[in-house]
Amino acid sequence: MSKISDSVLQPGCELRRVYDGFWRYAIYLFGAISFIILLLIALFIFREGYPAFQKIGIWQFISGLRWDVSDQAYGILPMIIGSTYVTIGALLISVPLGIFTAVFLTDVAPQMMRSIIRPAIELLVGIPSVVYGLVGMLMLVPIIRQSGHGSGDSVLAASIVLAVMVLPTIVSITEDSIIAVPNAYREGALSLGATRWQMIWHVVLPAAKSGIIASIVLGMGRAIGETMAMIMVIGNSIIIPDSIFSPARTLTGTLALELKYAAGLHWNALFATGVVLFVFILILNSFGFLMLRGKNK
Amino acid sequence: MKISPRVTHSIAWGVCWAAGLLSLAFLLVIIGYVFVNGIGSISWEFLTTNPQGGLKGEGGILSPLVGTLYLVALTLLIAVPLGVGAAIYLSEYAVNNWFTKMVRFGVESLAGIPSIVFGLFGFALFVIALGFNFSILSGSLTLACLCLPVIIRTCEEAIKAVPGTYREASYGLGATKWQTIMHVILPAAIPGIITAIILTVGRIVEETACLYVTMGGSSNMPTSVWSNSRTLSLHLYYLAMETTAVDKALATGVILILIIVVINFVTRWLSNRYVAMTRGGNR
């Protein structure tokens with residue numbers, strides 16, 4: 001009976017149910033789009049990179065010391081070491097600075113300072129990476145050059161530029177995880193007679209540990225992925241850097257610098273480099289998100 | 001000798017202050033340096049002439065500015081509908097099953113992939129395989145993939161913030177789920193969706209690496225989405241690396257920073273207004 005009255009009283013009724021059903025499936029498709037893109041990216045770079053792994057050998061490719069296009073020699077170890085050095089250098093600066101800044105924002109700073117520094121850090125996120133590269137190139141590199149250590153384009157310059165770029169990631173995630181520590185922890189520590197610093201150092205920061213580790217891991221992902229700013233200050237020589245004043249080249253820099261002119265095995269080798277980056281970042285970020293989720297439980 | 005906890009406390013407080021001020025100093029130094037050295041080169045002529053190319057980097061920033069506008073418009077056109085659709089899925093349709101887990105994994109992983117890897121993908125798929133060549137279209141499609149996670153997350157939060165009572169009232173009036181979404185939930189989530197769009201504009205303006213390998217970098221005035229072109233960020237890179245026009249690069253930096261400051265300001269203003277609106281939402 002209800003069926004009859006529906007169609008009699010509300011002529012549009014059935015049509016809107018059809019719409020509803022159609023859009024349900026359309027929305028499922030929209031939902032899957034990110035995963036589809038992820039699969040496409042994996043598919044394309046693996047497909048183009050595979051011949052390089054096949055011809056050169058995965059291990060020789062990763063541990064090879066020479067990258068020489070004219071000689072068809074493709075080993076990415078110098079770039080892996082270059083990327084590793086600048087990342088470690090950046091984290092050595094930005095992790096302590098970021099954690100103390102986060103503590104400053106949550107526990108130390110007066111309200112006025114907070115309302116200046118928070119927007120300032122948000123602004124740091126938004127500044128284009130080429131602007132960082134430019135300032136590094138014009139300000140930092142000449143200072144290093146004048147100190148008498150080569151051309152100035154160096155692992156040191158790249159690390160400092162990168163440290164500033166990673167800082168907002170570390171500050172904001174660390175700050176969130178410090179705020180998430182229950183107040184009872186703080187009250188407990190203070191009531192036992194701890195100073196506020198003892199409370200932060202022995203109670204709050206350990207409780208926020210997984211969030212802090214996550215911030216470091218995600219910051220690391222950002223550091224490894226940075227491309228243009230690195231090209232601008234690191235010198236791009238394909239050598240294994242022997243000091244912090246030595247030039248170097250990053251994995252991402254190689255891709256940007258050579259992709260447009262590559263053909264044949266060179267092309268495949270660049271995509272194979274992309275595969276290495278892709279897989280590494282995927283593992284790193286999964287670990288980072290795992291830590292963040294652990295915190296929320 | 002053991003240092004007393006009070007002394008440690010004072011030292012630590014000093015270190016925290018130093019860290020906070022140093023972080024602030026970074027921003028001030030960067031912005032100060034770019035402005036002091038770049039603002040002198042900005043003139044009406046700089047804004048309204050095309051780059052002339054060459055080693056001296058003569059000319060202004062008109063065509064990169066237009067290229068940026070093209071790119072922003074086209075990227076938003078592609079990415080926003082997809083992103084809002086995915087956000088609707090995650091906030092309204094998702095149940096805890098393998099499909100949702102897959103969707104979440106996709107969004108999270110995509111968010112962390114470096115720009116240049118998107119560039120690699122865009123180069124192989126759009127520039128070469130689909131034959132779009134170096135063009136604004138190739139750049140937009142690549143950027144749309146890169147921007148999706150930001151749009152999805154921001155829109156998902158906006159949609160989830162719509163009170164459950166709105167949905168119940170709509171269902172109570174006999175509306176279907178899709179009618180509820182289109183006529184009740186999305187209109188209520190509009191401020192959040194606009195925030196997502198503005199954030200994405202910021203992302204497009206700051207992005208360089210993936211465009212460097214998909215957009216071509218020509219300094220000619222773009223005439224259609226098939227044009228080989230460059231954005232302001234790319235223009236800055238070319239000026240800094242391939243010309244001697246350091247002053248022009250810095251001036252371009254000033255323009256970029258101004259755009260980002262405006263974007264940050266608008267997002268902040270919008271989200272404050274949004275919070276005020278939902279708090280006072282008893283009308």
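Reminder, nothing fancy here: chain letters follow the sequence lines and each chain counts from 1.
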Per-residue contact mode, R24(A) against chain B (heavy atom under 4.5 angstrom): both
For P5(B), check side-chain contact (heavy atoms from CB on, under 4.5 Å) against everything at least two apart and list the hits. T195(A), Q198(A)
Checking heavy atoms, do the side chain of M139(A), its backbone, both or neither come under 4.5 Å from chain B? both
Side-chain donor or acceptor of T100(B) paired with backbone N/O of A94(B) under 3.5 Å: no
Let's go through T180(B) and S170(B) carefully: what are the C-alpha distance in whole Å and the side-chain angles of both, what is the deciding distance for side chain to side chain donor-acceptor pair (under 3.5 Å) to 0.1 Å, and is it a yes or a no? CA-CA 6 Å; T180(B) 305; S170(B) 175; 2.9 Å; yes
For S115(B) and L146(B) the tightest heavy-atom approach is CA-CD1, 3.8 Å
Hey, does D153(A) have a side-chain heavy atom less than 4.5 Å from the side chain of N236(A)? no
Most heavy-atom pairs under 4.5 Å with chain B, out of N285(A), V135(A), L97(A), I116(A), belong to L97(A)
Hey, could you give me the CG/OG distance between L234(B) and S218(B), rounded to the nearest 0.5 Å? 11.5 Å
Is chain B contacted by the side chain of F22(A), its backbone, both, or neither, given a heavy-atom distance below 4.5 Å? neither
Part of P81(B) within contact of chain A (heavy atom distance under 4.5 Å): backbone
Under 4.0 Å between a side-chain nitrogen and a carboxylate oxygen: does that hold for R153(B) and E108(B)? no
For the interface with chain A, which of I11(B), V15(B), L232(B) has the highest count of heavy-atom pairs at distances below 4.5 Å? V15(B)
Which portion of L110(B) sits near chain A, non-hydrogen atoms under 4.5 angstrom: both
Which of Y237(B), F134(B), F118(B) passes ring-ring contact (aromatic ring centres under 6.0 Å, His included) with Y212(B)? Answer is Y237(B)
Could you tell me which of F271(A), W201(A), Y132(A) has the largest number of non-hydrogen atom pairs under 4.5 Å with chain B? F271(A)
Of all of D107(A), L138(A), L282(A), which one pairs up most often with chain B through heavy atoms under 4.5 Å apart? L138(A)
Before accepting this row, confirm whether a basic side-chain N of the pair E156(B)/R104(B) lies closer than 4.0 Å to the acidic partner's carboxylate O. yes
If I measure from the heavy atoms of chain A, does I113(B) come under 4.5 Å with its side chain, its backbone, both, or neither? both
With a 4.5 angstrom heavy-atom cut-off, which part of L239(B) approaches chain A: side chain, backbone, both or neither? neither
Engaged part of Y33(B) at the chain A interface, taking heavy atoms whose separation is under 4.5 Å: side chain
Please look at V107(B) and chain A and tell me whether the side chain, the backbone, both or neither of the residue comes under 4.5 angstrom of a heavy atom of that chain. both
Look at the aromatic rings of Y89(B) and Y93(B) and report parallel, tilted or perpendicular, splitting at 30° and 60°. parallel
Residue part contacting chain A, namely of L148(B), when any heavy atom lies under 4.5 Å: side chain
Check each atom of L277(A) against the heavy atoms of chain B and say whether the ones under 4.5 Å are side chain, backbone, both or neither. side chain
Considering only heavy atoms and a distance below 4.5 Å, find which of I33(A), I45(A), I41(A) pairs most often with chain B. I41(A)
Quick check for you: among V171(A), I231(A), L270(A), which has the greatest number of heavy-atom pairs under 4.5 Å with chain B? I231(A)
Rounded distance (nearest 0.5 Å) linking atom CZ of R16(A) with atom NZ of K177(B): 15.0 Å
Give the ring-plane orientation class for W267(A) versus F123(B), where under 30° counts as parallel, over 60° as perpendicular and anything between as tilted. tilted
Heavy-atom cut-off 4.5 Å, strictly under: side chain, backbone, both or neither for V84(B) against chain A? neither
Check this for me: does any side-chain nitrogen of one of E122(A) and R118(A) sit under 4.0 Å from a carboxylate oxygen of the other? no
Could you look at R268(B) and say if it's the side chain, the backbone, both or neither that has a heavy atom under 4.5 Å from chain A? side chain
Looking only at F104(A), F278(A), Y19(A), most heavy-atom pairs under 4.5 Å shared with chain B are made by F104(A)
Examine whether an atom of I151(B) lies under 4.5 Å from a heavy atom of chain A, and if so say whether it belongs to the side chain, the backbone or both; otherwise answer neither. neither
Is it the backbone or the side chain of P96(A) that comes under 4.5 Å from a heavy atom of chain B, or both, or neither? neither
Counting heavy-atom pairs under 4.5 Å with chain A, the top scorer among A111(B), C210(B), S109(B), A87(B) is S109(B)
With chain A, the option among V205(B), I152(B), I181(B), L250(B) that has the most non-hydrogen atom pairs under 4.5 Å is L250(B)
Determine, step by step, whether E175(A) and R114(A) satisfy the salt bridge (Lys or Arg N to Asp or Glu O under 4.0 Å) criterion, reporting the C-alpha distance in whole Å, the side-chain angles of both residues, the deciding distance to 0.1 Å, and the verdict. CA-CA 12 Å; E175(A) 198 193 343; R114(A) 243 174 262 183; over 6 Å; no
Applying a strict 4.5 Å limit to non-hydrogen atoms, the region of L29(A) in contact with chain B is neither
Given a strict heavy-atom distance threshold of 4.5 Å, which part of I31(B) is in contact with chain A: side chain, backbone, both, or neither? side chain
Answer key: most heavy-atom pairs under 4.5 Å with chain A among F99(B), W13(B), F26(B), F105(B) is W13(B)
Of the listed residues (L24(B), V117(B), T208(B)), which shares the most heavy-atom pairs with chain A below a 4.5 Å separation? T208(B)
Begin from the C-alpha positions of N264(B) and T267(B) and carry the test side chain to side chain donor-acceptor pair (under 3.5 Å) through to its verdict. CA-CA 5 Å; N264(B) 271 31; T267(B) 341; 5.0 Å; no
Taking the six-membered ring of F35(A), is NZ or CZ of K101(B) closer than 6.0 Å to its centre and within 45° of its axis? no
Using non-hydrogen atoms and a 4.5 Å limit, figure out which bit of I281(A) sits close to chain B: side chain, backbone, both or neither. side chain
Top of I260(B), T252(B), I116(B), V213(B) for chain A proximity - count of heavy-atom pairs under 4.5 angstrom: I116(B)
Just checking, any donor-acceptor pair under 3.5 angstrom between side chains of T252(A) and T250(A)? yes
The reported gap from CG in L125(B) to CZ in F44(A) (rounded to nearest 0.5 angstrom) is 4.0 Å
Answer with side chain, backbone, both or neither: which region of L27(B) has an atom nearer than 4.5 Å to a non-hydrogen atom of chain A? both
